[in-house]
Amino acid sequence: MERKQLAPGVYLTALDAQKFNRCRITVHLRFPAKREYATNTALLPLVLERGYAACPDMTALSRRLAALYGADLGVDLGTAGIDRVLTADICGIKDEFALNGENLTAEYCGIVLGTIFDPYLVDGAFDPEAVRIEKETMTRRLQAEYNNKRLYCVRQARRKFFGDSPAGTELGGYLADLPAVTPQTLKAEYDRILQSAVIDVMVQGADADSVAALVQERLAGIRRTPCAYAAPVAMPRAEIQRYIEEIPGLTQAKLCMLFTTGDASVQPTIHQLRMAMGLFGGTSTSRLFRNVREKQSLCYYCASTAVRSTGVMMVDSGVEPGGEERAEQAILKEWEALKNGPITPGELEDTRRALLSGMESLGDSLAALESWYYGQIARGEPLTDPETARAAVRAVTAEEVRAILQGYSYSVRYIVTAQEDAQ
Amino acid sequence: MNHTQSKAAAALSCQKTVLPSGLTVLCRPMPGYSSTHAMYATKFGSVMLDFTLDGNPVHLPAGTAHFLEHKMFETPEGDAFDLYAETGAAANAFTSYDRTCYIFTATRDIDRNLDILLGAVGKPWFTRETIAKEQGIIGQEIKMYDDSPDWRLLTGLFRCLYARHPIREDIAGSVESIAQLTPELLYACTDAFYAPANMVLSVAGSVTLEQAVDACKRCGLYEARPPRAVALSLPEETGPVPQKELVFSMPVTKPCFAVGYREEPIAPGDTKREVLLDMLSDLVCGGLTGLYRKFYDEALTNPEFSGDFVSASGMCAIAFTGESSQPRRVVELLQAEIDRLRREGIDPELFELVKHQMYGELLGDVESVDDAAEEQAAAFLKGRTLADEIDTLAALTVEDANALLQTALLEENRAYVEIQPRE
């Protein structure tokens, strides 16, 4: 692994990919989120993924990718704390498997860099037709949230939990803001991102020097002032808010519980947090899986996750309508037991082994390896390989795990359940 | 076959041996990989509901194969998940229409993990008490799927296309059907379908064929054993599609729809027809086609609209699913395009592009240890190898696809399912 700086706020990381059949190039742009631009930000990946200056037509681009043996191009928006990360990645078979001797990696590089740095513009703004169509697509996506009741319940809980906090800005944008989005506003948001983002290019199995040269070439004419990463946040501790939404015709109820650390200044290491979640509800040997699901049969799924940079822990589960309160009490009981009761060496080691095993296998997947290193970059940590990080996992103690779980305060409970008279 | 194609075939190859017990063992050593994935699979899935065992007829309630999958993790000594936890392996299982698969991924203690896998699945243990407990958990799983529009569309479609075939039943069955299960019925299934000759052990990664065979020896799966006489009975589906249309409501925001075509089941070993059927939906309305573009640009469907090919013992269907405010208009346009292609022929350039895409997918599919082990097992269960698939794909011509289209995707074999938003 080698990471080098190409320009202020522009980095390239090359990772070994010798054993794989495919190669992969990823470009991450991390920038500050703004509530007023959220809908433009969310629409941007949809428009960028349709095509770029050298290949503006969506179907022509799909055909070009198919000709490159089904190379996979993706443009997505994600989060890193309260910042946003616009990511374009391409993955395809290596040159040695090209049936006609094509230079596939050069093509991949041209497409992914073109997608991010050389969009198709009409009169200095995005193509009005593409923007119109993708606004329709985005409307559908936002409305479709309701079709997946697990996702809907989690998002509703988050809306109550974060309220107007910057951490609550919707990643997917807002339906109400969509009419105001135009090719010009979208171009302005694109320019803001390009100007303010910290850019990380990750190269696996392609020639890193060629990619670096092309990135520098693309950025040459752009005035950039990359922004520092946003600081971690945490919602204040407060009285528990409980919400119930009834939906006619629902068969399985969903329960989402959100907890806050209340203090962003205290940050556990990622390994301590993963151990805590693994023990509480993140693995098949966790307390929630063993006791709430397996022993009490209270739910089909019941899992915990936590995000360090926003100080939130979430438990979500699918339960029998009418059994929500029992499931909630059972989950809280398991949390209390870990906070104040014994943690056996056996369960701690089970969790540790599962985490270590996962880390050992990271090097066997292009995407996992890339995600491992970009995860460290996004957290602002020095880069360490999975082997070195294993020592940190081995050092996590039961007391550290307990302290993390003790640090949370229960904030919001959201239930989506069947309407009683519809049963 | 040219040099590159040979190289690709080599990249897809695996070692194979058949033990005196009849168990087939497949192994793909992957130098440089840290992890190992193992799959132990039986040719027993949700559609196997009627069979004779040593001349005695057995009728199973719907959902038996899936229920058995859950129960195989239990041993008199405890839960297999607890044993895996001691090694750090990640274990799971899944059931499809015609197979049940047990898997683990691990980076250490491979011999021990193989013993856990083969020991748990090879030595079934059921009691009335443990069956009762599992009925609660699976009941929750069934309810979760009941709330999934995609799942309801597919099961609805099979109910329309087939009058008698067990594909009509949900893989997990119903709360009522699994309530009929007894230890005796489950033992009849394991006697009939969990015999070594009906199974395959497939491993890939940091592992050798010798290791896998040694594990079989330790677990009593090596020596020849007297065969049990098993005859599977599947009703033959002839005559017209029993129900052309099904409409119902659910809590969704927009109408969801599925249009499916019943096709002749694939004869064992007919890889050519299977690959062609798999390609058809891409050729008619995949992302490279003009029809997909029309749907997308005019917002007639959601971007995820796609076609899937489903094949199991005694059945074969192609299903298109999506979301639309004008679902019947989409179906009309789809059928018109199929009819046009039948008359005018498939664009040869498009055909070559889809072939290229499938070639890249095949190579990508064996890059990770889990995909490698699972794909080679899947190919074996269909009576072929992954290298055979590359050879078949290379030999396909657009004339083959045009010939198939004369008898496939016929309107008379079509059924339509629509989910309307509930008020």
Side-chain angles (χ1 to χ4, degrees), chain A residues 18-22 58-59 62-63 65-72 91-93 96-99 101 129 133 136-137 140-141 143-144 146-150 247-252 283-285 293-294 297 299-301 318-320 350 352-358 360-361 363-366, chain B residues 2 4-5 7-8 11 30-35 81-82 85-91 105-108 133 136-137 140-141 143-144 146-147 149 205 249-254 256 287-290 292-293 296-297 299 302-303 323 353-354 356-361 363-364 366-369 422:
Chain A
Q18 208 182 342
K19 67 188 177 194
F20 298 107
N21 293 342
R22 295 180 301 169
M58 181 176 123
T59 307
S62 296
R63 285 182 168 231
L65 292 165
L68 299 172
Y69 306 95
D72 198 9
C91 187
I93 61 170
E96 67 199 74
F97 295 114
L99 293 171
E129 183 63 0
I133 292 166
E136 291 270 5
T137 305
R140 282 176 178 281
R141 282 199 182 165
Q143 290 171 340
Y146 182 72
N147 293 359
N148 181 338
K149 299 299 182 292
R150 180 176 182 176
I247 294 179
L250 198 70
T251 314
Q252 186 184 67
T283 65
S284 58
T285 59
R293 180 191 133 121
E294 292 289 305
S297 296
C299 48
Y300 176 60
Y301 63 87
V319 301
E320 181 89 27
D350 284 349
R352 198 188 314 275
R353 270 191 294 272
L355 281 187
L356 290 172
S357 182
E360 276 172 338
S361 62
D364 292 348
S365 153
L366 280 172
Chain B
N2 68 24
T4 311
Q5 231 170 287
K7 201 169 175 182
M30 296 168 73
Y33 281 70
S34 308
S35 48
F81 278 120
D82 291 340
E86 290 171 10
T87 68
T105 309
T107 51
R108 54 185 59 206
K133 192 201 83 176
I137 292 172
Q140 284 299 323
E141 184 178 356
K143 286 177 180 173
M144 187 176 76
D146 278 349
D147 287 330
S249 70
M250 276 183 77
V252 293
T253 45
K254 271 211 166 68
C256 304
L288 312 181
T289 65
Y292 179 85
R293 184 60 182 274
Y296 192 99
D297 286 359
N302 55 335
E323 195 189 288
L353 287 171
V354 172
H356 264 55
Q357 212 166 245
M358 290 180 85
Y359 171 79
E361 278 167 14
L363 281 168
V366 293
E367 193 177 73
S368 69
V369 294
R422 182 166 292 180

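Order of the sequence lines sets the chain letters (A, B, ...), proteins ahead of strands, with each chain counted from 1.
- Heavy atoms of A/Lys19 lying under 4.5 Å from chain B belong to its backbone as well as its side chain.
- Every residue meeting the salt bridge (charged side-chain N to carboxylate O under 4.0 Å, His left out) condition with A/Arg352, not counting sequence neighbours, appears here in chain and number order: A/Glu349.
- Rounded to the nearest 0.5 angstrom, A/Glu136 CD and B/Asn302 CG are separated by 12.5 Å.
- Residue B/Met250: no heavy atom, backbone or side chain, is found under 4.5 Å from chain A.
- Heavy-atom pairs under 4.5 Å with chain A peak, among B/Cys256, B/Ser368, B/Gly364, B/Gly136, at B/Gly364.
- The contact between B/Tyr292 and chain A is made entirely by side chain atoms (from C-beta outward), counting heavy-atom distances below 4.5 Å.
- Among all heavy-atom pairs drawn from B/Arg293 and A/Thr59, the shortest one is NH1-OG1, 2.8 Å.
- With respect to chain B, the highest number of heavy-atom pairs below 4.5 Å among A/Val319, A/Leu65, A/Leu356 belongs to A/Val319.
- Side chains of A/Arg22 and B/Leu363 form no contact here, defined as non-hydrogen atoms less than 4.5 Å apart.
- Within the 4.5 angstrom heavy-atom criterion, no atom of B/Ser249 approaches chain A.
- Both the backbone and the side chain of B/Ala299 come within contact range of chain A, judged by heavy atoms closer than 4.5 Å.
- Aromatic ring pairs are classed by plane angle as parallel below 30°, tilted from 30° to 60° and perpendicular above 60°; the pair A/Phe20 and B/Tyr33 is perpendicular.
- Contact between A/Pro248 and B/Pro251 at its shortest, heavy atoms only, is O-CG, 3.6 Å.
- Only the backbone of A/Cys299 comes within contact range of chain B, with at least one heavy atom under 4.5 Å from a heavy atom of that chain.
- Residue A/Glu294 touches chain B through both its backbone and its side chain, counting heavy-atom pairs closer than 4.5 Å.
- Using a distance-only test at 3.5 Å, with no hydrogens or angles considered, no donor-acceptor pair links the side chain of A/Gln252 to the main chain of B/Asp146.
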I would like to know whether B/Glu323 and A/Asn147 meet side-chain contact (heavy atoms from CB on, under 4.5 Å); could you show each step before the answer?
-> CA-CA 11 Å; B/Glu323 195 189 288; A/Asn147 293 359; 3.6 Å; yes
Begin with the C-alpha distance, continue with both residues' side-chain angles, and end with the deciding distance and a verdict on side-chain contact (heavy atoms from CB on, under 4.5 Å) for A/Tyr146 and B/Val252.
-> CA-CA 7 Å; A/Tyr146 182 72; B/Val252 293; 5.8 Å; no
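- Contacts of B/Pro303 with chain A are made by side-chain atoms alone, with heavy-atom separations under 4.5 Å and no backbone atom involved.
- For A/Thr285, the part lying near chain B is the side chain, with the backbone staying farther off; criterion is any non-hydrogen pair under 4.5 Å.
- The two residues A/Ser357 and B/Ala106 make their nearest non-hydrogen contact at OG-CA, 4.2 Å.
- The nearest pair of heavy atoms linking A/Ile133 to B/Asp297 is CD1-OD1, 3.3 Å.
- In this structure, CG in B/Leu353 is found 10.0 Å from CG in A/Leu68, a value given to the nearest 0.5 Å.
- Counting only distance, with no hydrogens or angles, the side chain of A/Asp364 and the backbone of B/Ser34 share a donor-acceptor pair below 3.5 Å.
- Both the backbone and the side chain of A/Gln143 come within less than 4.5 Å of a heavy atom of chain B.
- Using a 4.5 Å cut-off between heavy atoms, A/Ala144 touches chain B through backbone and side chain atoms alike.
- Using a 4.5 Å cut-off between heavy atoms, A/Leu355 makes no contact with chain B at all.
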